[in-house]
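Being a predicted model, the structure only gives us computed values, none of them experimental. No hydrogens, no waters, no symmetry mates; every other heavy atom, side chains included, goes into these values. Whatever order the structure lists them in is the order used to number ligands and atoms, beginning at 1.
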Amino acid sequence: MKISEMNWGQVEAYLKHDDRAVLPLGSTEQHAGLSLSVDSILSEQVALEAAAPLGIPVFPVVAYGVTPYFLAYPGSVSLRVETYVRLVRDILDSLKRQGFRRILMVNGHGGNQLAGSLAIEWMADNPGSAVKFHNWWNAPRTFAKVQETDPVASHASWMENFAWTRLPGVVQPSQQKPMIDAARMRVMDPDKVRAYLGDGNFGGYYERPDSEMQAIWDIAVAETRELMEGPWA
Ligand SMILES: [Zn+2]
């Protein structure tokens, strides 16, 4: 259930019999030839499909994340660590005030990991509330399926190329890009990162058959749904 398709009265009625909510976390950043919104599209979509049969409300994706290394790529936007933590904390505080007690954050971007650290701190400050932080793409079964499909998989490679993240009219390269050296990239400033990465793919093919992508997606949806179901304590 999308929050944008509910009114407050319906949320109030929901809270009389359930206290779970889902908050997708995304980013607006370069993904080579794919949409700048890949991380937002995927985290929101996997959350919506996982939550649908359970009737749990899914809040709008937090469309900006922490991604300073991509700032030389036009269209990429990065929040400061401090801003991001305050933003996510304000959302959690708002949800708690209204009666939500079990919140699943479905994250689509590695740079947002600090929301997971915040969740642990926030739970200590708010006994009786539970927050789970879920990186949907590297959860155990989803990541195993990715590895089984093609072990050379990375940011902006085939593993993020779904029918709902590719752009019409953009032809993907057919070669397999060699994996970049992540340790080297981590110490580069944004201009050097862009010069080093070129198109932005970290390594691997740019696309794989839709049937293989759907098989990965189905596992990701099921794995995300299980976290919504429990255990919560
Ligand atoms: Zn991504």
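- Geometrically, R194 engages Y73 in a cation-pi contact defined by less than 6.0 Å to the ring centre and at most 45° from the axis.
- For the residue pair W217 / E49, a side-chain donor-acceptor distance below 3.5 Å is found, with atom types taken as modelled.
- Ring geometry for F59 versus F100: interplanar angle over 60°, hence perpendicular rather than tilted (30 to 60°).
- Considering just the N/O/S atoms of E160, the one nearest the Zn ion (ligand 1) carries the name OE2.
- The closest side-chain donor-acceptor pair between N126 and K96 falls under 3.5 angstrom.
- The Zn ion (ligand 1) has H31 among its coordinating residues (N/O/S atom, backbone or side chain, under 2.8 Å).
- Within D39, the N, O or S atom at minimum distance from the Zn ion (ligand 1) carries the name OD1.
- The Zn ion (ligand 1) lies at 2.8 Å or more from every N, O or S atom belonging to E29.
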